[in-house]
Number of protein chains: 4
Amino acid sequence: MSNVKLAVVFYSMGGTNYEMAKWAAEGAKESGADVKVLKVEELAPQSVIDENEAWKATVEATKDVPVATSDDIEWADAIIFSVPTRFGNLPAQVKQFLDTQGGLWASGKTVNKVVSGMSSAQNPHGGQEATLLSLYTSMMHWGAIIAAPGYSDPVIFGSGGNPYGTSVTVGQDGQMVEDVEGAVKHQAKRTVNIAESVKNGNQ
Amino acid sequence: MSNVKLAVVFYSMGGTNYEMAKWAAEGAKESGADVKVLKVEELAPQSVIDENEAWKATVEATKDVPVATSDDIEWADAIIFSVPTRFGNLPAQVKQFLDTQGGLWASGKTVNKVVSGMSSAQNPHGGQEATLLSLYTSMMHWGAIIAAPGYSDPVIFGSGGNPYGTSVTVGQDGQMVEDVEGAVKHQAKRTVNIAESVKNGNQ
Amino acid sequence: MSNVKLAVVFYSMGGTNYEMAKWAAEGAKESGADVKVLKVEELAPQSVIDENEAWKATVEATKDVPVATSDDIEWADAIIFSVPTRFGNLPAQVKQFLDTQGGLWASGKTVNKVVSGMSSAQNPHGGQEATLLSLYTSMMHWGAIIAAPGYSDPVIFGSGGNPYGTSVTVGQDGQMVEDVEGAVKHQAKRTVNIAESVKNGNQ
Amino acid sequence: MSNVKLAVVFYSMGGTNYEMAKWAAEGAKESGADVKVLKVEELAPQSVIDENEAWKATVEATKDVPVATSDDIEWADAIIFSVPTRFGNLPAQVKQFLDTQGGLWASGKTVNKVVSGMSSAQNPHGGQEATLLSLYTSMMHWGAIIAAPGYSDPVIFGSGGNPYGTSVTVGQDGQMVEDVEGAVKHQAKRTVNIAESVKNGNQ
C-alpha cells in the first residue's frame, strides 16, 4: 500500500486533458496513492469562453474540480501535469500556475517532488514532445525528480511511443486519435512507484 | 535606408528588460528601422505589484509604453523579444501574449516575421539559454525566421557569449552584472538587416 | 532564377533520410537552386553494417554520394539536414560532422547560412520534434538563420504537421507511414527562397 | 552505508571534465557509493590530438582510465555525465557512446537508472544549459530518472546557479573560472541518495 500523495494538475479547453487526468488518477489509485485531481486557474474571460461551445462545455464539466494551489503542491509527493500544447510550449494558464509558486520554490518546498507530464495537440507533431520538454526544464528549476516514462512498458509503443510522457492527437472532431488510456495508467503507476521509493528513502 | 518595421516586445519587473528593449530600439533606429517599443500585458494584480518596490517602480516607469497587440505583430516585419526567465521558460505574461495571437497565426500572418530574443536571470546560469530556446520553439510554430546572433560579432564574446540572444545576469542589487549594451545593439541591427533582406526578397 | 547554392546533408541507415534528401533536392532545383546531395561520414565499422541487411543496402545505394566536407558548407548559402533521431537527438555521425566544422566556425564562415532540418523515427513521437530542435540549437551557435517551415503551407497539415521540419515515421517494414514528399518539397523551396533573399540582401 | 553503484562518465579534451568527474567520484564515495570513473571512447585520430598540447596532455593523463562500456551502464544504478558543450549539444564522442547502447536499451536495461549531468564551455553562456538539457532528452528515451540538482542546496547559488547540473566556464588559459568543487560534490551525493532510494524501493 502506497503512502504517496499525488496531485494531477491539468488544463483543458476541449476535455482531452481532463480525461487524461482522470485516467491518471485511476491508475494512481490502483497503486494505492492518495490522489487529488486539480485544474489550473483560467486566464481567459468568460465572454471569450462562451464563444466556443467545446470550451464552454469543458468549463461546465470541470466546475466542481478544485483549482490547484501552492498548498496542493506542498502537500504532494508527486505531480502529474496534463497540458495541451500552445505553440510548442505550456499554455499561459499552466505557466502562470508554475510562476506563482515562487514562494514555495524559495522556501525549498518544491525539491524532490517526483514529476511526469502528459500532453495533447491538434497536429500529430504539433508540439507534443516540445511541450513536455519545456515542462521538465521548469521542473528542474524546482529541484524535482523527473520520471518520464521512456519505453518502460510495451503499452507505450502502442500509444504513440512518446518517451517524454503520454501524448495524444486530437482530431477536428475533438476526439482523441490514439487510445492512450493504458499508457496513461502505466505512467501514473510508474510515477507513484518512484515517488514512493523517494519518499521512503527520505524518511 | 531600411524599410523595416520592428516591434520590440518586452516584459519587465525590475527594469532590466525594459532597458534592453530601449537599447535594441536605439540600435535598430541606427539601421533606419521604424521601431515600436511595446510591453506585454501584466497578469499580476496591482496589490501584488505594490508590495514590491522595484516592480512598482518599473510599472510606473513604463506606464506610457503601449501594450503590445495583434495589430503590432501584424504590422511588424521583425520582432525582438526581451524577457526575464521564469523557471527556465517564458514568463506567463509573455506566453499569454503569444497564446492570444492564435487568430493571427490561423490567418497565416505570423509567417516570415524575423525574430530574435534577449533574456535575463538572477543566477549566471538561471535559464538564460533555456528561455530563449523556448521562445524560438514557439516562433517556429509561427513560421518565423529565427535570427539568433550566434557569434556573428566579437562584441558577443565580451558580453557573456550567449549565441541564442543577448542575456544578462541581474545582481541582488537589481543591477546588470555584464555590460551588454553593445551586444544588444549588434543583435538589433542584425535582426533588422536580415528582416530587410527577407522583406525585399518577398516584394 | 535562383542563385542559391544548397547543400542537402543527410545520414541514412535504412534509406528514409536519403529519400527525403532527394525529394528536397528536387524541390530546390525546381526553385532554380544549385544543389549538392551529401552524406555524412559513417562512424560504424563495415562489419557492424554487414550484419544489418537494410543498412548494408543503403550504404550500397549511396556509395556514389559524396561525403560532406567543410568546403561544401563554406560553398553553401543554405543547408537542409535530413537525419534520423537517436534517443531524441542527432545521430553521432551527424554530430561528428558538425563538431568537425570548428575551423569553419572560428573563421566566421558559418554565419548567415539559411538552415532547415527534416527527421524520422520509428515511433510516432520518437524524437521527431526533439531532434530538430537540437539541430537548430547547434545552428544558432553557427550564426545560421533558421527557416523551419512552421505552418507556412497547407501541405504541412497533411503530412504530420511538424512545424520544426518535415518528419516521418518509419514502420516495422522500413516504409514511411506518412506521405511527406509534398511537404519536403515545400520546405526545400521555402529554404531556398529565404536564402535567396538573404544572399541578395548581403550583396 | 549506500549500496549504490555509480558510473561517472566523462569526455575531456582540456582536463576540466576529468577534474569534475573526479570530484563527483569523491563526493559519491563520501556517500558510500561504489564508483567507477570512465571515459568515453575518442573519435579523433591521434595525429589531430598531437597538434593540441592541452588535448595531448589530457589524453596522456587519462590513459589509465577505463573506457566506458555497455557492461558499465548495465552495472550502474546511477550515472553522472561530465561533458563539454559542442555547439550547445553533446560532443559527438559522447553521443556515439549513447547511440551504441541501443542493444542495452532494447533489452530494457537502461530503465530506472538515476542520472544527472555536468557541463563546461568556453563562453559564460556557451551552451552549458542547452547541453545538459540535450543529455536529459536522451536519458528520457532510456527511461532514466533525472535528478538534476535544481536549487537543492545553497552551494549551487555560489557556483553559477545552473539548476540542470553543475557547469563551469573555462578561460582562455584553460582554467575553470568558477569554483564548483562543492557544487559537484553536492550533486554527486544527491544523485547517489536518490539512486539509493530507487534501488531499495525496487527490491
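Note that the structure is a prediction, hence the values are computed from the model and not measured. Note on naming: letters A, B, ... go to the chains in the order of the sequence lines (proteins, then strands), and numbering restarts at 1 for each one.
To the nearest 0.5 Å, atom CG of residue L90(B) and atom CZ of residue F87(A) are 12.5 Å apart. Taking NZ of K95(A) as the start and CD of Q93(B) as the end, the distance is 9.0 Å to the nearest 0.5 Å.
The local environment of NZ in K22(B) is crowded, with over 12 non-hydrogen atoms from other residues, nucleotides or ligands closer than 6.0 Å. Atom NZ of K36(B) sits in a crowded spot, with more than 12 heavy atoms from other residues, nucleotides or ligands closer than 6.0 Å. Around atom CD of Q122(A), no more than 12 heavy atoms belonging to other residues, nucleotides or ligands sit under 6.0 Å away. Counting non-hydrogen atoms of neighbouring residues, nucleotides and ligands closer than 6.0 angstrom, the CD atom of E41(B) reaches no more than 12 such neighbours.
Options M140(A), M139(A), Q96(A), H141(A) differ in how many heavy-atom pairs under 4.5 Å they form with chain B, and the most are formed by H141(A).
N89(A) places a side-chain heavy atom less than 4.5 Å from the side chain of N89(B). The closest side-chain heavy-atom distance from L43(A) to L43(B) is below 4.5 Å.
Using modelled atom types, no side-chain atom of D99(B) and backbone atom of P91(A) make a donor-acceptor pair closer than 3.5 Å.
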